[in-house]
Amino acid sequence: MNEFIKYLKREDLIRKLLEHYKVNQIKQIVEEHFNKFIEKVEGIEDKKASKNELNLLNSNFNSLGKFYEKTLLHKERKILGEFYTPKSIVRYILDAMGYKDSNNIQPKKLIDISCGSGSFIILAIRVLISSCFKSFNRHDFSEILPKEARNIVLRIKENIYGIDVNPLACILCQINIHFELFELMKIIKNKDKSYHLPMFNIINSNSLAKNDTEQYDYVVGNPPYLFIRDIPNDQKQIIKKGNFNTNNGQYDYYQIFIELGIRLLRSKGILGYIVPDSLLALSNRSILRKYIYNNTKIREIYNIGPQFEDPIVSNIILVLEKESDVQERERNSIKVKFSNQEQREISQNSLKEWDYKFLIHLSDEDIYIINHLNNKFPKLKDLIKKDDFKILLSRGIELTKKGEIILCENCRKYFPIPKKVLNCPECKNPLKEEQIEKIIFDSVQNEDKDKFKLFIDSINRYQVKDYSFIIIDKKGINYKDFEIYIDRIIIRQLSQNNLICATYDRNLSLTSQSFYNLRICQSPIIEFNNLYLLGIINSKLLSYYFIKLFGSYKKLFPRILIEKIKDFPIEVPENNNKKELASKIIKKVEILLDLNGSEVEKSNIIQKEIDNLVFELYEIPDVYREPILEFINNI
């Protein structure tokens, strides 16, 4: 390492890189940090260092890379959604893509479009060097001739590319490459003292603005993870102008990088990324999954779980092959792997049956049950559209957690307090903190009761836990139609003990947006009423269905969203047998609603009886009932 430091000083490489990347305005900061790094290295090597310490410093992957990743720009990188990629992940991705020294990789081009200080670049260079060694029938650097060393450097210069928006990352990546090629450089210099390593193709640019026609055989990386609300406005404008297909709705930064990576591939080219597992089933990623399905053969999805300390996300490794032939894509088998070593294969064509969700966790049993529910029973959204039914479904009032509102003196209207900047949502004028008011109260005076309505604070399954009171005359607050707040089912966004949490309230009682209000106002079938529907929604069968379709790729019960409620399969009891089952469910739900919170054992017994009735109602074969219950009970 000390020899390399002397080389950097002799070649004046830091100054050259600063000039190359035009970062003179922060030259002093960069030099200061780099000098500290040099001092640390020289300090250890000047004393009797342990073998472990020297091994750590002599690993360019860990030293210069982590110097950038962990010390230099943590705050700035967090804003950009960048995080260090573990070496084991990089190695796995390159191997899974087929970027191995045993394959014909020497003429192939590889690019990392969010390269940072070079995690993927450096390991790819090592693999390429090893491939060249095999071609030359060499075993180590001592056997390499100067001509061969030049050839290796040229191959790296021509075939390894990196892009990063941060010039300091590019500088560190160039230094890492120089360190990786230091032995080759010495071999060449022994023959030609005037030789200097070239500037490598590490480009300081915004990848999203890349509009050249260059294509690559391999695209690798750990793209930035930023949700749309955190993406800087200037980046959003670049994305908007970039003619992307996947930037509709609530998109994430990483999905744009996946689309760009696929665009940059040659036909049959391979992409290997580590990305959040939200790609698998989140509704906001649907457009991205369709893009992947329609443009690539999905070679592998490896659910590896959390890999980064910051941010806390669960990850997958995604390996894709660009493919324009529809039949080739639909015949493709996807290798699916899990961190517990479980493996299976699924047909790419089967993803269409799941509305392009990548439900890699589903077993054959799961697939049978979910297909049975999807194919045999109407969705709630289908019933809502029918003329002979009148079914209402709505969120409650949009409020902050504290239930406070604020008056805009210009508009003379009240609004929920804005989350970020205290500006009026309509006129954009600044709002004053002294105009903040409470809208929810624990109790009210008799003379004020006309101004208030009941407000549900919290619920459990089959129980309204707490009421308070809400003022109902604040202009600007969207209380919504009171018709939805009476004689209806209330569904909580969050689960209770990994089960859907819903109850019923006959009273007129308002709710916040954390609850959904579901009401059957009109039905041609007497038995199809709110209590019947409540029993179905609170059943373990519906919780199983919901988790399997919308949440179990994380092994967590997901937040219930209104669109998912609309997707519930709902049996309408039309024949006598089904009507009899429905009547039994209604009677048991009535008993549950009348119980107090302390009668837990009785409540559990009745809920089990409802579960069995729902299994019968939905014609679930006996052989599948126990696995459903076992899954729910073991979450």
Side-chain angles (χ1 to χ4, degrees), residues 373-374 376-396 456 459-464 483-493 495-496 499-509 511 515-546 549-550 560-575 577-595 603 606-620:
L373 294 173
N374 281 339
K376 197 158 187 179
F377 305 96
K379 305 285 189 186
L380 180 61
K381 62 187 175 186
D382 299 325
L383 298 177
I384 290 173
K385 294 175 185 176
K386 284 195 170 186
D387 292 337
D388 48 351
F389 289 88
K390 182 181 179 183
I391 301 174
L392 305 177
L393 175 62
S394 175
R395 286 159 59 105
I456 293 178
I459 68 169
N460 280 340
R461 288 165 55 83
Y462 297 108
Q463 182 186 24
V464 176
E483 185 182 16
I484 68 168
Y485 294 123
I486 190 167
D487 184 28
R488 88 296 193 187
I489 299 165
I490 304 111
I491 304 170
R492 196 169 76 182
Q493 283 189 355
S495 68
Q496 180 185 339
L499 293 170
I500 295 170
C501 179
T503 189
Y504 169 81
D505 194 9
R506 191 179 301 279
N507 299 312
L508 173 59
S509 54
T511 70
F515 300 93
Y516 304 106
N517 300 274
L518 173 60
R519 182 184 180 195
I520 300 174
C521 302
Q522 174 186 310
S523 166
I525 298 169
I526 295 173
E527 291 82 3
F528 188 78
N529 63 24
N530 289 312
L531 300 188
Y532 164 76
L533 190 54
L534 174 61
I536 289 175
I537 289 171
N538 269 344
S539 70
K540 287 184 176 178
L541 178 62
L542 259 288
S543 286
Y544 165 88
Y545 175 87
F546 183 75
L549 274 186
F550 307 122
I560 298 174
L561 303 176
I562 197 164
E563 292 305 315
K564 303 301 175 278
I565 297 172
K566 291 178 182 178
D567 277 335
F568 285 173
I570 303 298
E571 168 66 317
V572 178
E574 294 180 318
N575 62 42
N577 180 49
K578 292 292 181 79
K579 287 179 180 180
E580 185 179 344
L581 289 170
S583 295
K584 290 179 180 179
I585 290 171
I586 291 166
K587 288 177 182 177
K588 293 185 183 299
V589 168
E590 287 173 339
I591 296 170
L592 286 172
L593 292 171
D594 287 338
L595 293 179
S603 174
I606 297 171
Q607 288 186 57
K608 286 180 183 178
E609 292 171 350
I610 292 175
D611 285 328
N612 289 329
L613 290 169
V614 172
F615 281 143
E616 197 171 342
L617 185 75
Y618 280 84
E619 303 167 28
I620 302 297

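These values consider heavy atoms only, across backbone and side chains, with no hydrogens, waters or symmetry-generated copies.
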Asker: Spell out, as yes or no, whether a donor-acceptor pair under 3.5 Å connects the side chain of S543 to the backbone of K540.
Answerer: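 Here the side-chain-to-backbone pair does not exist.
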
Asker: Would you indicate whether the side-chain heavy atoms of I489 and Y516 approach each other to under 4.5 Å?
Answerer: no

Asker: Minimum heavy-atom separation for N538 and A502, please, with both atom names.
Answerer: ND2-O, 2.8 Å

Asker: What's the shortest heavy-atom distance between K379 and K566, and which atoms?
Answerer: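 For K379 versus K566, the nearest heavy atoms are CB-O, 3.7 Å.
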
Asker: Show, in sequence, the C-alpha distance, side-chain angles and deciding distance for L518 and I537, and conclude whether the side chain to side chain contact (heavy atoms under 4.5 Å, CB included) test is met.
Answerer: CA-CA 11 Å; L518 173 60; I537 289 171; 3.6 Å; yes

Asker: Would you kindly say whether Y485 and D505 are connected by a side-chain donor-acceptor distance under 3.5 Å?
Answerer: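 Short answer, no.
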
Asker: Evaluate the side chain to side chain contact (heavy atoms under 4.5 Å, CB included) criterion for residues K584 and I610: first the C-alpha distance (whole Å), next the side-chain angles of each, then the deciding distance (0.1 Å), finally the verdict.
Answerer: CA-CA 8 Å; K584 290 179 180 179; I610 292 175; over 6 Å; no

Asker: Sequence neighbours excluded, which residues qualify as salt bridge (charged side-chain N to carboxylate O under 4.0 Å, His left out) partners of K564?
Answerer: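 K564: no salt bridge (charged side-chain N to carboxylate O under 4.0 Å, His left out) contacts found.
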
Asker: Is the count of non-hydrogen atoms from other residues, nucleotides or ligands lying under 6.0 Å from D387 atom CG greater than 12?
Answerer: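 No, because the 6.0 Å sphere around CG of D387 holds 12 heavy atoms or fewer from other groups.
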
Asker: Does a side-chain heavy-atom distance below 4.5 Å link K578 with E619?
Answerer: yes

Asker: State, with a plain yes or no, whether a side-chain heavy atom of S603 is found less than 4.5 Å away from one of Q463.
Answerer: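 No; the side chains remain at least 4.5 Å from each other.
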
Asker: I620 vs L373, test: side chain to side chain contact (heavy atoms under 4.5 Å, CB included). Steps then yes/no.
Answerer: CA-CA 9 Å; I620 302 297; L373 294 173; 4.2 Å; yes

Asker: Hey, are the side chains of L593 and T503 touching, using non-hydrogen atoms and a 4.5 Å cut-off?
Answerer: yes

Asker: Is it true that a side-chain atom of K588 and a backbone atom of Q607 form a donor plus acceptor pair closer than 3.5 Å?
Answerer: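 Pair absent, no side-chain N/O of K588 close to backbone of Q607.
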
Asker: Checking side-chain hydrogen bond (donor to acceptor under 3.5 Å, both in side chains) for the pair R492/T511: CA distance, chi angles, key distance, verdict?
Answerer: CA-CA 10 Å; R492 196 169 76 182; T511 70; over 6 Å; no

Asker: Counting C-beta onward and ignoring hydrogens, is there a side-chain heavy-atom pair between L581 and P573 closer than 4.5 Å?
Answerer: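 Sidechains of P573 and L581: no contact.
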
Asker: Donor-acceptor pair, distance only, cut-off 3.5 Å: does the side chain of Y618 make one with the backbone of P569?
Answerer: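 Yes; at least one donor-acceptor contact below 3.5 Å.
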
Asker: Just distance, no hydrogens or angles: give the donor-acceptor pairs under 3.5 Å from side chains in residues 522-531, sequence neighbours left out.
Answerer:
unit_1 : atom_1 : unit_2 : atom_2 : d
Q522   : NE2    : D388   : O      : 3.4
S523   : OG     : I525   : N      : 3.1
S523   : OG     : I525   : O      : 2.9
S523   : OG     : F528   : O      : 3.3
N529   : OD1    : L531   : N      : 3.1
N529   : OD1    : Y532   : N      : 2.9
N530   : OD1    : I520   : N      : 2.8
N530   : ND2    : D487   : O      : 3.1

Asker: Indicate yes or no: at least one non-hydrogen side-chain atom of I565 is less than 4.5 angstrom from one of K381.
Answerer: no

Asker: How would you list, by chain and number, every residue that makes a salt bridge (charged side-chain N to carboxylate O under 4.0 Å, His left out) with R395, sequence neighbours excluded?
Answerer: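 Salt bridge (charged side-chain N to carboxylate O under 4.0 Å, His left out) check on R395 returns E398.
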
